[in-house]
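None of the values given here were measured: they were computed from a predicted structure. By convention in this document, chain letters (A, B, ...) are assigned in the order of the sequence lines, proteins followed by strands, and residues within each chain are numbered from 1.
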Number of protein chains: 2
Amino acid sequence: MRHRQRKSDCPVHFALDAFGDAWTLLIVRDLMFKGRATYTELLRAEEGIATNILADRLVRLEEDGIVVKERYSEHPNTSRYRLTPKGIDLLPIMLEIIQWSAKYDPRTAASREFVTRLRAEKARLTTELRSALVAPPERERPRP
Amino acid sequence: MRHRQRKSDCPVHFALDAFGDAWTLLIVRDLMFKGRATYTELLRAEEGIATNILADRLVRLEEDGIVVKERYSEHPNTSRYRLTPKGIDLLPIMLEIIQWSAKYDPRTAASREFVTRLRAEKARLTTELRSALVAPPERERPRP
DNA sequence: CTGTATCCTTAGGGATACTG
DNA sequence: CAGTATCCCTAAGGATACAG
């Protein structure tokens with residue numbers, strides 16, 4: 001499943017080529033905010049992604065350099081996916097998206113407190129989340 | 001062509017429901033940055049949008065309250081589309097997207113100067129563009 | 001657990017013709 | 001000019017079964 005060829009050099013178009021579909025940003029969201037890292041964890045997205053779609057998007061994300069796939073040395077059958085710096089740089093976009101939705105979606109689940117913090121100290125929060133993402137707390141062995 | 005039903009209350013999902021496809025943000029881009037307002041002007045997007053897709057997305061954008069359709073009183077056959085406040089609030093998202101692409105796309109057409117200005121004075125630029133959008137310069141009659 | 005493989009259905013989208 | 005209406009094809013995506 002190869003990338004369609006670029007139709008313009010517009011930066012908006014470039015971005016949409018990377019994540020302008022219904023699922024990619026939801027995967028990024030789960031990696032970024034929900035601490036999900038393995039295939040099975042990502043499968044649990046509340047929106048119900050299909051196995052083939054998840055596999056396909058993970059390949060694309062890796063090809064695009066937004067995600068890297070790492071193997072646990074101790075658990076040869078378990079991989080984990082992690083955002084690269086390029087992926088982490090999607091954070092400001094995500095934050096703006098969340099703010100926009102919080103403003104216009106009456107049903108949004110973004111907590112008032114989170115959005116208020118966002119608005120007030122976006123820069124600091126970005127740095128904070130960024131470092132948390134770069135060096136995530138080492139996790140115990142995956143639960144069976 | 002009705003909206004698929006919401007699968008979650010996640011703000012990211014809400015946003016993707018509004019513009020998580022290949023074309024919607026390109027239309028917003030043309031309304032926002034390129035001064036395009038009529039159907040025919042929007043058809044000239046460099047990426048080559050089809051007439052049926054453009055018509056469909058404009059309906060959706062209007063349903064979602066992101067765009068309003070106005071008729072020229074003098075030119076009964078010509079409409080113009082304009083961003084609503086909700087649509088204008090997409091500006092910060094667009095700016096972050098442009099910055100991200102400018103950083104990672106070697107072919108991007110975003111000018112260095114524009115991106116540098118963005119980075120340095122995003123807040124001021126946002127206000128400036130915003131007011132330019134709310135009260136756009138009144139234009140001459142559309143060219144034949 | 002981490003995916004592949006298949007099957008099948010629908011939605012997205014290109015091309016083109018046509019209408020008020 | 002501003003769209004509709006078709007036609008037709010491909011990609012996207014759901015469901016489920018299977019494999020290393």
Looking at [Y] and [X], is any side-chain nitrogen of the basic one under 4.0 Å from a carboxylate oxygen of the acidic one?
X: A:Asp17; Y: A:Lys7; value: no
X: A:Arg117; Y: A:Glu113; value: no
X: B:Glu46; Y: B:Lys34; value: yes

message: How would you summarise protein contacts on nucleotides 13-20 of chain C per nucleotide, using B for base, S for sugar-phosphate only and - for none, with heavy-atom distances below 4.0 Å?
response: BBBB----
- prompt: Shortest non-hydrogen contact from A:Pro92 to B:Glu96?
  reply: CB-OE1, 3.2 Å
Roughly, in whole Å, what's the span from [atom1] in [X] to [atom2] in [N]?
X: A:Glu47; N: D:dA12; atom1: CD; atom2: P; value: 19 Å
X: B:Arg60; N: D:dG3; atom1: CZ; atom2: P; value: 17 Å
X: B:Glu70; N: D:dA2; atom1: CD; atom2: P; value: 14 Å
X: A:Arg36; N: C:dT2; atom1: CZ; atom2: P; value: 14 Å
X: B:Leu43; N: D:dA2; atom1: CG; atom2: C1'; value: 9 Å
X: A:Tyr39; N: D:dA19; atom1: OH; atom2: C1'; value: 13 Å
X: B:Leu61; N: D:dG3; atom1: CG; atom2: P; value: 13 Å
X: A:Asp56; N: C:dT6; atom1: CG; atom2: C1'; value: 15 Å

message: We want to know whether B:Asp64 and A:Tyr104 form a side-chain donor-acceptor pair, criterion being a heavy-atom distance below 3.5 angstrom.
response: no
- prompt: Picking from C:dT2, D:dC1, D:dG3, which would you name as closest to the side chain of B:Lys69?
  reply: D:dG3
field: same_hphob_cluster(A:Ile93, A:Phe33) at 4.5 Å side-chain heavy-atom cutoff
entry: yes
- prompt: Between D:dA2 and B:Thr78, is there an OP1 or OP2 to side-chain N/O distance shorter than 4.0 Å?
  reply: yes
